[in-house]
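Structure first, commentary second.
Throughout, a chain's letter reflects where its sequence line sits, starting with A, and its residues are numbered from 1.
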Number of protein chains: 4
Amino acid sequence: MGGTGAGGARRGRRYDPERRTRILDAALDVIAEHGTAGTTHRTIAARADVPLGSVTYHFASLADLLAQAFARYVELQSATFEKLFEDVATPEQFVEVVVDLVCGGPARHRSAVLGFELHLAALRDPGLRVLTQAWTWQSRAVLARFTGPDTAARLDALLEGMIMHALLAAEPESREATRAAIVQTLGPAHLEGDRHARARGI
Amino acid sequence: MGGTGAGGARRGRRYDPERRTRILDAALDVIAEHGTAGTTHRTIAARADVPLGSVTYHFASLADLLAQAFARYVELQSATFEKLFEDVATPEQFVEVVVDLVCGGPARHRSAVLGFELHLAALRDPGLRVLTQAWTWQSRAVLARFTGPDTAARLDALLEGMIMHALLAAEPESREATRAAIVQTLGPAHLEGDRHARARGI
Amino acid sequence: MGGTGAGGARRGRRYDPERRTRILDAALDVIAEHGTAGTTHRTIAARADVPLGSVTYHFASLADLLAQAFARYVELQSATFEKLFEDVATPEQFVEVVVDLVCGGPARHRSAVLGFELHLAALRDPGLRVLTQAWTWQSRAVLARFTGPDTAARLDALLEGMIMHALLAAEPESREATRAAIVQTLGPAHLEGDRHARARGI
Amino acid sequence: MGGTGAGGARRGRRYDPERRTRILDAALDVIAEHGTAGTTHRTIAARADVPLGSVTYHFASLADLLAQAFARYVELQSATFEKLFEDVATPEQFVEVVVDLVCGGPARHRSAVLGFELHLAALRDPGLRVLTQAWTWQSRAVLARFTGPDTAARLDALLEGMIMHALLAAEPESREATRAAIVQTLGPAHLEGDRHARARGI
DNA sequence: TATGAATGAGCATTCATTCAT
DNA sequence: GATGAATGAATGCTCATTCAT
């Protein structure tokens, strides 16, 4: 009916300091589920369990909201990425974490889809490229600590392609094949440890 | 406005046997320009210079039209891809053609964008995955003639990622860096010719 | 796609002298099923297993087609009505036939619905009133042979209302209640036979 | 044309608390005039002198709007019907009021047409039958106060048929003929007063 | 500050009808 | 004669955004 939208105990939610954040997270959920195109004020409001007016009140426009949602995604994702490699001590561990990144099933589905949605959106809206570029740099920087800058760039691209293929493939690639591709890209020197030693030295 | 839509001498254009194809090509243009989300019956009709009713007459739904447009894209793109490698005789030529693929500026922009739009669309609509899978297999098959199947799969993923990065990068990667990444993925044996010789033997 | 509509062995159906009639009958089917409003050239064509162009070719307009279909309905229905009472010899038989008319389950559903659709259509389109009036006169004439003209008119109206209620009622009225209402409307003299004897004398 | 739709000083009409009701009444006007089939969001909006978006804002779908309009009709009509018989004290008055119901010219035209439109609509949409059934029960209850339940049901059906015939007839039936039919259906006892006396006793 | 009523632009889709073949 | 491609006008509906409260 007329815009009532989400039901539930919304009464008394005034003074909700985290409302903005909650809307952004809801927006990311909706984007992951319905695509950027299927993301509307109304869907977001319903997902966040917030009145429609609240969404338009806190964000100047839908484009603005999406941009901020993607910014939040990059921020959260970067932190997650960073943390993934925090405890990596050996080249073998590094490879395993990277393999997990590609093979990591439905757990990583949401973030992978969001990543591609962001890339596509940035293709159309140059204003979003600061986000994709920041994200790329940050990813490469993390990887570079273990591989050096050139290999990091290559690995980053390879991962991008492999993750997309993994999302679309009828049946998942085997971990072994994935590992082989990664190891090959890292180059023969990687597992000999010297490069890794240098990385730890940084 | 008001239904007349596209201008031009459209009177008497009846019985246009290639209209369907023209609409599909127009749809691909529009997708490349405005994204799948921005692709509407009206935009397509204007681009194809046909009345709105003509677009809905020839295709049962917009989703159907998009699916057929993407199918046409895969078909055309596969043929183009095939032809690109037709005259490749040496490993060096192979590498150059692949580097062109990544660096190939605005000329390749349209088809690259369309490829990613298709990937994203397939992520949302499983019915489109027959297209992405067919396309992936075909690409790998072409590459595999020069690299063997495993390396082909890796190279394919790497190219996917590099092309996306190239599309989004503020300034294009140098051809040298691109070539280095590719050569590294092909493996040291590639340029020594034996692998290529084997490929030619197939 | 695009208007092909009905499938099947339509090839070679040229020179189909009954096509007009078949289209009209299909139209009546569609009206009964989807209502006058839901009746389109395309639905009719599909139902009649005839190309779309054939429907517009044989009838100047949809309104014209509907008018002719309703005319056919009145014609067929009048004949059926006539025949229903053909073998009625006693007042008791007369009452039973009339009760059947009201209680006659799904068998009579189609014709009853069509009757009301025609009434409603005639309310909007005065051109159709020649049909409803002819139908009313004919029905009354048949009934009057057993009841006299005044009672026939009353009975006709009563039947109209009872049939509509029967169509809409959650559970059907009992035959007994229906019979009682009819008998009461016929008047006490009816079953005494003298009136009926007079009717047979006509 | 082009979205502006109805003319008039509509600027500043915001916050119109009775808008919903006004739209429903406009819908009933339109149904009476153009039939359920000819009732569109746009016609209703024009009739209610509200923008198109307002109609779709307040009602989830056109079917929903029509259902609510018909519900309002039944409600209003039931009240009117009730009031018609409020001051009836004698059997003679009762008969006159009922005769008025059938013969009541253009004044009753709108409500009669709406009644039949509702019946037809309920034939197609079972969801509307709660309305027709409620309406039937209520009508019978009012009549039964003067006639007893069985006669009330018969009279209700007779009235339904007579009103439809009156709407479609080229020239109106005479009051006398109408009265005769009603009196005959009420049965000989009615005007003798005993039945009515019983009714008053309730 | 927060909200939901309000609105105009736009969209996918249907369809009666026209017309070249 | 018959057909199906073609078309423009409508239709139901969605939605970003504005704004009175």
Need to verify one output field. Residue with the more 5' nearest nucleotide on DNA chain F, G53(C) or G53(A)?
G53(C)
Taking C-beta and beyond as the side chain, do [X] and [Y] meet within less than 4.5 Å on heavy atoms?
{"X": "R20(C)", "Y": "F59(C)", "answer": "yes"}
{"X": "R47(B)", "Y": "E33(B)", "answer": "yes"}
{"X": "V113(D)", "Y": "L120(C)", "answer": "no"}
{"X": "T36(D)", "Y": "L118(D)", "answer": "no"}
{"X": "R129(A)", "Y": "T132(A)", "answer": "yes"}

5'-most by nearest nucleotide on DNA chain E - S61(B) or T40(C)
S61(B)
Between V55(D) and H41(C), which has a closest nucleotide on DNA chain E that is more 5'?
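Its nucleotide being nearer the 5' end, the pick is V55(D).
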Rounded interatomic separation in angstrom, taking [atom1] from [X] and [atom2] from [N]:
{"X": "H34(C)", "N": "dC15(E)", "atom1": "NE2", "atom2": "C1'", "answer": "15 Å"}
{"X": "E18(D)", "N": "dA6(E)", "atom1": "CD", "atom2": "C1'", "answer": "17 Å"}
{"X": "I44(B)", "N": "dC11(E)", "atom1": "CD1", "atom2": "C1'", "answer": "12 Å"}
{"X": "L52(B)", "N": "dA9(F)", "atom1": "CG", "atom2": "C1'", "answer": "10 Å"}
{"X": "L66(A)", "N": "dT17(F)", "atom1": "CG", "atom2": "P", "answer": "10 Å"}
{"X": "R20(B)", "N": "dG4(F)", "atom1": "CZ", "atom2": "C1'", "answer": "14 Å"}
{"X": "F59(A)", "N": "dA16(F)", "atom1": "CZ", "atom2": "C1'", "answer": "15 Å"}
{"X": "L62(D)", "N": "dA10(F)", "atom1": "CG", "atom2": "P", "answer": "17 Å"}

Can you check whether any acceptor in the base of dG10(E) is under 3.5 Å from a donor in the side chain of R42(B), or vice versa?
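Not at all, since no donor on one side and acceptor on the other fall under 3.5 Å apart.
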Taking only side-chain nitrogens and oxygens of S54(A), does any of them come within less than 4.0 Å of OP1 or OP2 of dT3(E)?
yes
If you compare every side-chain N and O of Y57(A) against the phosphate oxygens of dA2(E) (OP1, OP2), does one of them come in below 4.0 Å?
yes
My understanding is that a pair needs two contacts under 3.5 Å, Watson-Crick or G-U wobble. By that rule, which nucleotide pairs with dT14(E)?
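In the structure as shown, dT14(E) has dA9(F) as its Watson-Crick or wobble partner.
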When all nucleic acid strands are considered with a 4.0 Å heavy-atom cut-off, which category describes T56(C): base, sugar-phosphate, or nothing?
base
Base, sugar-phosphate, or nothing: which does T43(D) touch, judged by heavy atoms less than 4.0 Å apart?
nothing
Which nucleotide, dA16(F), dA2(F), dA6(E), lies nearest any side-chain atom of H58(C)?
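Comparing dA16(F), dA2(F), dA6(E) against the side chain of H58(C), the answer is dA2(F).
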